[in-house]
Engineer: 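Okay, handing you the structure first.
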Amino acid sequence: QVQLVESGGGLVQAGGSLTLSCAASGRIFSINTMGWYRQAPGKQRELVASIASTGSTNYAESVKGRFTISRDNAKKTVYLQMNSLKPEDTAVYYCTVRAAVISDIWRDNDYWGQGTQVTVSS
């Protein structure tokens, strides 16, 4: 099993910055993709950013140029640096990891963090 612990959420004024962290632990054999989703009240969960094991990244158009995703493979941690925050960025942010566990090294499964609240005031 894989456990994900998120940190870094909080309150920030519009135009400010915040960095989220998510550390994975457990009987992990390998990690494929790591990423961040967010869900605002009354809205569907959407992909914010993802980063593959190769380092390739992709971003939602709404955050492109403002957010940066990165990963530290040794620490099994993914980060989301958020700059120039806007009120519309307010949401619960969820870390996700696609990984294979030691008990089944041939199959990747998706694992989710508990979510962390990001609130941007105008």
Side-chain angles (χ1 to χ4, degrees):
Q1 180 65 351
V2 176
Q3 297 81 45
L4 303 178
V5 179
E6 300 180 32
S7 62
L11 307 174
V12 65
Q13 292 184 351
S17 298
L18 206 59
T19 299
L20 306 182
S21 299
C22 174
S25 62
R27 303 197 71 191
I28 300 169
F29 178 76
S30 62
I31 297 176
N32 189 337
T33 304
M34 308 180 84
W36 295 91
Y37 283 73
R38 68 185 180 187
Q39 187 166 27
K43 298 182 179 179
Q44 295 187 61
R45 185 173 298 187
E46 65 172 344
L47 176 67
V48 178
S50 66
I51 181 167
S53 58
T54 60
S56 179
T57 60
N58 66 83
Y59 298 90
E61 287 298 322
S62 61
V63 308
K64 193 169 297 182
R66 299 188 297 121
F67 291 11
T68 302
I69 189 170
S70 61
R71 62 192 283 172
D72 184 329
N73 291 328
K75 295 181 178 180
K76 299 178 182 177
T77 300
V78 61
Y79 307 92
L80 185 67
Q81 181 182 331
M82 304 183 291
N83 299 324
S84 302
L85 283 161
K86 304 174 180 179
E88 47 263 49
D89 294 318
T90 296
V92 176
Y93 284 70
Y94 296 91
C95 171
T96 185
V97 170
R98 176 164 290 181
V101 295
I102 293 174
S103 60
D104 189 356
I105 65 173
W106 298 110
R107 180 180 179 180
D108 283 347
N109 288 300
D110 293 332
Y111 301 89
W112 294 85
Q114 79 281 6
T116 184
Q117 177 70 47
V118 172
T119 301
V120 183
S121 62
S122 61

Engineer: Considering all heavy atoms of both residues, which atom of Glu6 and which atom of Cys95 are nearest to each other, and what is their separation?
Structural biologist: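 The pair with the smallest heavy-atom distance is OE2-N, 2.8 Å.
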Engineer: In terms of hydrophobic clustering (I, L, V, M, F, W, Y; side-chain heavy atoms under 4.5 Å; direct or indirect links), are Leu85 and Tyr59 co-clustered?
Structural biologist: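 Yes: a chain of side-chain contacts under 4.5 Å links Leu85 to Tyr59.
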Engineer: Has Arg66 got more than 12 heavy atoms of other residues, nucleotides or ligands less than 6.0 Å from its CZ?
Structural biologist: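 Count over threshold, so yes.
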Engineer: Are side-chain heavy atoms of Arg71 and Ile31 found at a separation under 4.5 Å?
Structural biologist: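 Touching, per the 4.5 Å side-chain cut-off.
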Engineer: Taking all atoms of both residues into account, what is the closest heavy-atom pair of Ser70 and Ile51, and its distance?
Structural biologist: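 The pair with the smallest heavy-atom distance is CA-CD1, 4.0 Å.
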Engineer: Side-chain contact test, heavy atoms from C-beta onward, threshold under 4.5 Å: evaluate it for Met82 versus Val118 and give yes or no.
Structural biologist: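 Yes. Closest side-chain heavy atoms under 4.5 Å.
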Engineer: Work out which heavy atom in Pro87 is nearest to a heavy atom in Ser122; give both atom names and the distance.
Structural biologist: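 Pro87 and Ser122 have their closest heavy atoms at CG-CB, 3.7 Å.
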Engineer: Taking all non-hydrogen atoms of both residues into account, name the closest pair between Trp36 and Thr96 and its distance.
Structural biologist: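 Trp36 and Thr96 have their closest heavy atoms at N-CG2, 4.5 Å.
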Engineer: Would you compute the distance between atom CD of Gln81 and atom CD1 of Ile69 and round it to the nearest 0.5 angstrom?
Structural biologist: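 With rounding to 0.5 Å, CD (Gln81) is 12.0 Å from CD1 (Ile69).
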Engineer: If I take atom CD from residue Gln39 and atom CD from residue Gln44, how far apart are they, to the nearest 0.5 angstrom?
Structural biologist: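 One gets 8.5 Å once the value is rounded to the nearest 0.5 Å.
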Engineer: Applying the side chain to side chain contact (heavy atoms under 4.5 Å, CB included) criterion to Cys22, which one of Leu80, Val78, Thr116 satisfies it?
Structural biologist: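 Exactly one pass, corresponding to Val78.
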Engineer: Relative to the ring of Trp112, is the ring of Tyr94 parallel (under 30°), tilted (30 to 60°) or perpendicular (over 60°)?
Structural biologist: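 Ring orientation of Tyr94 relative to Trp112: perpendicular.
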Engineer: Nearest 0.5 angstrom please: Lys76 NZ to Met34 CE, how far?
Structural biologist: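 Answer for the NZ-CE pair, Lys76 versus Met34, is 10.0 Å.
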Engineer: How many angstroms lie between atom CG of Asn32 and atom OG1 of Thr54, to the nearest 0.5 angstrom?
Structural biologist: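 So the CG of Asn32 and the OG1 of Thr54 are separated by 9.0 Å.
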Engineer: If you take all heavy atoms of Ala40 and Ala91, which pair is closest and at what distance?
Structural biologist: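 Heavy atoms only, the tightest pair is N-CB, 3.8 Å.
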Engineer: Show, in sequence, the C-alpha distance, side-chain angles and deciding distance for Asp72 and Thr77, and conclude whether the side-chain hydrogen bond (donor to acceptor under 3.5 Å, both in side chains) test is met.
Structural biologist: CA-CA 5 Å; Asp72 184 329; Thr77 300; over 6 Å; no
Engineer: Look at the side chain of Asp104 and the backbone N and O of Val101, then say whether any donor-acceptor pair between them is shorter than 3.5 Å.
Structural biologist: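 Absent.
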Engineer: Please report the interatomic distance OG1(Thr57) to NZ(Lys64), rounded to the nearest 0.5 Å.
Structural biologist: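 So the gap between those two atoms works out to 9.0 Å.
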Engineer: Could you tell me whether the side chain of Gln117 reaches within less than 4.5 Å of the side chain of Thr90, counting heavy atoms only?
Structural biologist: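 Yes - at least one pair of side-chain heavy atoms lies under 4.5 Å apart.
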Engineer: Within a 6.0 Å radius of atom CZ on Arg27, are there more than 12 heavy atoms belonging to other residues, nucleotides or ligands?
Structural biologist: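 Open: at most 12 neighbouring heavy atoms sit under 6.0 Å from CZ of Arg27.
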Engineer: When clusters are formed by joining ILVMFWY residues with side-chain heavy atoms under 4.5 Å apart, either directly or through shared neighbours, do Leu20 and Val2 land in the same one?
Structural biologist: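 Per the 4.5 Å side-chain linkage, Leu20 and Val2 are co-clustered.
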Engineer: For Val63 and Val48, which heavy atoms make the closest approach, and how far apart are they?
Structural biologist: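 The answer is CG2-O, 3.6 Å.
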Engineer: When hydrophobic residues are tied together by side-chain contacts of less than 4.5 Å, even through go-betweens, does Val120 share a cluster with Phe67?
Structural biologist: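 Linked within one cluster.
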